Structures are given as structure tokens and as C-alpha cells.
Amino acid sequence: MPKWDKNSDWLPLDNAKAQVEFYIEDLKFSEAYLKYVKSFEKKKWKGYDKSLKIAQKDVEDSKKNLAKAKIKLEESKKLE
């Protein structure tokens with residue numbers, strides 16, 4: 001297995017697993033917050049549209065980061 005340093009393009013297996021776990025939880029929290037924001041849809045909440053966009057973007061970002069972390073995990077598994 002190649003030696004890892006902070007400038008490497010890959011992660012040690014344990015770090016890659018931890019990143020996947022982190023982004024799974026991050027996605028859960030993001031989706032829960034989006035659901036919460038949507039619960040105000042019928043109420044006259046000032047700034048609702050802005051909050052909705054932020055929550056939707058957060059979910060989108062979490063999904064992208066989770067996908068990237070899964071790819072890194074697979075790369076790390078191949079190097080182990």
C-alpha cells in the first residue's frame with residue numbers, strides 16, 4: 001500500500017469510511033431540515049422562499065459530497 005500524506009489524492013481506508021458515515025448523517029440532517037422548512041409552506045413565513053432554497057441546496061450538496069465520499073472509499077478499498 002502506498003504511503004499516505006496530506007497532499008495525496010486518496011484517503012486511508014478508515015478515513016474514507018468515516019467520511020461516508022459523516023455524509024450519510026449530514027444528508028439525514030439536511031433532509032430533516034428541508035422537511036421542517038416545507039412544513040411552513042402554507043403559513044405566511046417571511047423569508048420562506050429563501051429558507052427553502054437554502055435547505056434544498058444543502059440536501060443537494062450533501063448528496064454530491066456523499067457520492068464523492070463513496071467513490072473515495074472504493075478507491076481506498078482497492079489500495080488496501
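Below, all heavy atoms of this structure are taken into account, side chains as well, without hydrogens, waters or symmetry copies. Worth saying up front: this structure is predicted, and the values here are computed from it rather than measured.
Residue pairs meeting the ring pair (Phe, Tyr, Trp, His ring centres under 6.0 Å) criterion with at least one partner in residues 19-39, sequence neighbours excluded, are Y36-F40.
The two residues A16 and S76 make their nearest non-hydrogen contact at CB-OG, 3.6 Å.
Salt-bridge formation is detected for the pair K28/E25: a Lys NZ or Arg NE/NH1/NH2 atom is positioned less than 4.0 Å from an Asp or Glu carboxylate oxygen. Using a 4.0 Å cut-off between a side-chain N of Lys or Arg and a carboxylate O of Asp or Glu, K78 and E75 do not qualify as a salt bridge.
For the atom pair L34 CG and S39 OG, the distance stands at 10.0 Å (nearest 0.5 Å). Rounding to the nearest 0.5 Å gives a distance of 11.0 Å between CG of N15 and CG of L73.
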Extract all donor-acceptor atom pairs below 3.5 Å that involve side chains of residues 47-66 and protein atoms in other chains or at least two apart in sequence.
| residue | atom | partner | partner atom | Å |
| --- | --- | --- | --- | --- |
| S51 | OG | G47 | O | 3.2 |
| K57 | NZ | D61 | OD1 | 2.8 |
| K57 | NZ | D61 | OD2 | 3.4 |
| D58 | OD2 | S30 | OG | 3.0 |
| E60 | OE2 | K64 | NZ | 3.3 |
| S62 | OG | D26 | OD2 | 2.6 |
| S62 | OG | S30 | OG | 3.0 |
| S62 | OG | D58 | O | 3.0 |
| N65 | ND2 | D61 | O | 3.2 |

